[in-house]
2 protein chains.
Amino acid sequence: MPILNDDPRPWEVKVAVALLDFQGRLERRMASRLAEHGITLAQFDMLLTLCHGDGVTQQDLAERLLVTKANIVGLIDRAGAAGLVERRPDPEDRRVNRIHVTPAGRKLAGKVRPGQDELIREIFGHLSEAELRQLHALLGRLIAACPRDE
Amino acid sequence: MPILNDDPRPWEVKVAVALLDFQGRLERRMASRLAEHGITLAQFDMLLTLCHGDGVTQQDLAERLLVTKANIVGLIDRAGAAGLVERRPDPEDRRVNRIHVTPAGRKLAGKVRPGQDELIREIFGHLSEAELRQLHALLGRLIAACPRDE
DNA sequence: TATTGTTATACTCTATAACTATA
DNA sequence: TATAGTTATAGAGTATAACAATA
């Protein structure tokens with residue numbers, strides 16, 4: 001029984017703490033599984049994003065992954081060194097790189113994704129579908145209440 | 001409307017994505033507020049932990065914060081350089097350091113905490129108490145389903 | 001021998017600013 | 001001028017291993 005009845009903290013704080021706690025656990029578990037395949041969460045995110053929108057510019061990619069254009073360089077460098085993605089010059093605008101998943105990257109994503117889904121189902125499967133819908137609705141309202149830009 | 005009705009992903013995955021999304025936003029907002037006071041989330045966590053359990057060993061502190069004993073050194077170094085915490089040798093065991101919050105650290109924690117609580121209430125206040133209780137219960141079950149050790 | 005803390009090393013991610021080459 | 005990408009720099013967190021002092 002992790003929470004005592006006379007816990008004096010307001011519900012808002014208790015929920016926030018629980019949420020941060022759970023997210024830390026989830027992320028750790030996901031990262032640990034990904035590490036077995038030699039990639040990080042950030043790189044897996046990039047891979048998934050590219051599998052859906054191959055050939056985007058670095059700028060676009062940075063925006064989708066919510067990192068700066070300076071930091072996407074290193075992410076692409078590392079994933080590129082691992083042979084997962086590659087830069088191709090845009091023929092129409094010589095300032096632009098188009099980022100593509102390599103066959104190896106696609107293969108790795110396909111190999112890794114089932115494990116991630118399995119993990120998610122293993123954990124979230126403890127809730128009924130009705131509860132998952134509830135949780136999803138509540139999270140949607142929290143997301144709306146928490147814009148990224150301050 | 002962020003989620004379409006014909007979204008083909010299973011509810012488990014949708015909830016996981018929403019949860020990771022929201023947590024990223026929340027953490028960013030919290031970190032941003034803390035940055036105004038010159039501290040990071042990790043340092044705030046350490047400060048809070050020490051405010052409740054002053055004088056713990058580095059080993060203990062590392063375990064509570066879920067970092068290794070090697071990495072707690074750097075955390076304490078940085079917070080120590082900022083004058084927030086200090087090492088005091090244990091008189092009975094000359095191997096151990098006892099970590100204490102300085103008056104400045106306690107003062108900073110007191111100054112920072114209201115802002116964090118306010119932020120949490122601003123966001124979670126969009127839910128009713130009944131909904132917060134629901135959410136808390138669901139998170140509790142997810143936490144139980146997601147042990148830290150693999 | 002075991003434990004506490006330290007150092008060393010290396011990698012990932014983040015944030016900012018200045019720079020280049022194109023447009 | 002504005003934009004796409006790069007480089008440089010700095011800080012923060014993480015992980016592992018080897019080490020010194022002490023128990």
Side-chain angles (χ1 to χ4, degrees), chain A residues 20 23-24 27-32 34-47 55-82 84-99 148-150, chain B residues 20 24-25 27-32 34-47 55-82 84-99 148-150:
Chain A
L20 260 17
Q23 184 279 339
E27 196 167 292
R28 186 174 280 257
R29 293 282 297 268
M30 295 180 87
S32 152
L34 291 177
E36 295 168 9
H37 299 276
I39 58 172
T40 63
L41 260 174
Q43 287 181 357
F44 183 58
D45 268 358
M46 181 165 69
L47 227 45
V56 297
T57 67
Q58 296 194 188
Q59 196 79 275
D60 282 348
L61 190 53
E63 279 163 22
R64 293 192 200 188
L65 299 176
L66 300 164
V67 301
T68 64
K69 65 174 180 171
N71 288 331
I72 200 69
V73 174
L75 270 172
I76 295 171
D77 283 349
R78 288 186 288 274
L84 304 175
V85 305
E86 64 183 13
R87 292 175 168 93
R88 293 187 208 153
D90 184 314
E92 295 184 354
D93 186 337
R94 291 171 59 197
R95 291 172 304 180
V96 171
N97 287 329
R98 299 280 169 183
I99 310 303
R148 286 197 184 277
D149 38 55
E150 208 74 7
Chain B
L20 260 17
R25 291 161 184 259
E27 196 166 292
R28 187 174 280 257
R29 294 282 297 268
M30 296 180 86
S32 152
L34 291 177
E36 295 167 8
H37 299 277
I39 58 171
T40 62
L41 261 173
Q43 287 180 358
F44 183 58
D45 268 358
M46 180 165 70
L47 227 45
V56 297
T57 68
Q58 297 194 187
Q59 196 81 274
D60 282 347
L61 191 53
E63 279 164 21
R64 294 192 200 189
L65 298 177
L66 300 164
V67 302
T68 64
K69 64 174 181 170
N71 289 330
I72 199 69
V73 174
L75 266 173
I76 295 171
D77 283 350
R78 289 187 288 271
L84 304 175
V85 305
E86 64 182 12
R87 293 175 169 92
R88 294 188 206 152
D90 185 315
E92 295 183 354
D93 186 338
R94 291 171 59 195
R95 291 172 304 179
V96 327
N97 288 329
R98 298 282 170 181
I99 311 302
R148 286 198 185 276
D149 37 57
E150 209 76 7

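Reminder, nothing fancy here: chain letters follow the sequence lines and each chain counts from 1. Computed from a prediction, not measured in an experiment: that's the story for all the values here.
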Taking all atoms of both residues into account, what is the closest heavy-atom pair of Ile39(B) and Leu84(B), and its distance?
CG2-CD1, 3.8 Å

Should Thr40(B) be listed as having a side-chain N or O under 4.0 Å from OP1 or OP2 of dG11(D)?
no

Taking CG from Leu41(B) and C1' from dT14(C), how many angstroms apart are they, rounded to a whole number?
13 Å

Any residue of residues 57-75 of chain A with a heavy atom less than 4.0 Å from an atom of DNA chain C:
Val67(A), Thr68(A), Ala70(A), Asn71(A), Leu75(A)

Round to the nearest Å and state the distance from Glu27(B) atom CD to dA15(C) atom P.
11 Å

Need one value for Asp93(A): base, sugar-phosphate or nothing, where a base atom within 4.0 Å counts as base even if backbone is also close, heavy atoms only.
sugar-phosphate

Can you tell me how far apart CZ (Phe44(B)) and CE (Met30(B)) are? Round to the nearest 0.5 Å.
7.0 Å

Dot-bracket for DNA chain D, 5' to 3', with Watson-Crick and G-U pairs under 3.5 Å, [ ] for crossing pairs and | for other-strand pairs: what is it?
|||||||||||||||||||||||

So if I take every side-chain heavy atom of Val96(A) and compare against dT22(D), dA23(C), dA4(D), which nucleotide ends up nearest?
dA4(D)

Whether the side chain of Arg95(B) and the base of dT3(C) hold a donor-acceptor pair under 3.5 Å is what I'd like checked.
yes

Does dC13(C) have its OP1 or OP2 closer than 4.0 Å to a side-chain nitrogen or oxygen of Arg78(A)?
yes

Glu36(B) CD to dA15(C) C1', straight-line distance once rounded to whole Å
16 Å

Taking every heavy atom of Asp60(B) against every heavy atom of Val56(B), the minimum-distance pair comes out as CB-CB, 4.0 Å

Can you tell me how far apart CD (Gln58(B)) and CD1 (Ile72(B)) are? Round to the nearest 0.5 Å.
7.5 Å

Whole angstrom is fine here: how far is it from CD1 in Ile76(B) over to C1' in dG5(C)?
9 Å

Between dT22(D) (C1') and Arg98(B) (CZ): distance, integer Å:
15 Å

Could you give the CG-to-C1' distance, from Leu34(B) to dA15(C), as a whole number of Å?
16 Å

One should read off an interatomic distance between Leu61(B) CG and Asp45(B) CG, to the nearest 0.5 angstrom, of 10.5 Å

Just how far, in rounded Å, is C1' of dA4(D) from CG of Asn97(A)?
8 Å

Using a heavy-atom cut-off of under 4.0 Å over every strand shown, decide if Arg87(A) touches base, sugar-phosphate, or nothing.
sugar-phosphate

Euclidean distance, Ile99(A) CD1 relative to Thr57(A) OG1, rounded to 0.5 Å:
8.0 Å

Tell me the closest heavy-atom pair linking Pro89(B) and Asn97(B), and the distance in Å.
CA-OD1, 4.2 Å

How about Ile76(B) and Met46(B): do any of their side-chain heavy atoms sit closer than 4.5 Å?
yes

Rounded to whole angstrom units, what separation is found between the CZ atom of Arg94(B) and the C1' atom of dT6(C)?
16 Å

Derivation of the salt bridge (Lys or Arg N to Asp or Glu O under 4.0 Å) call for Asp77(A) and Arg87(A)
CA-CA 9 Å; Asp77(A) 283 349; Arg87(A) 292 175 168 93; 3.0 Å; yes

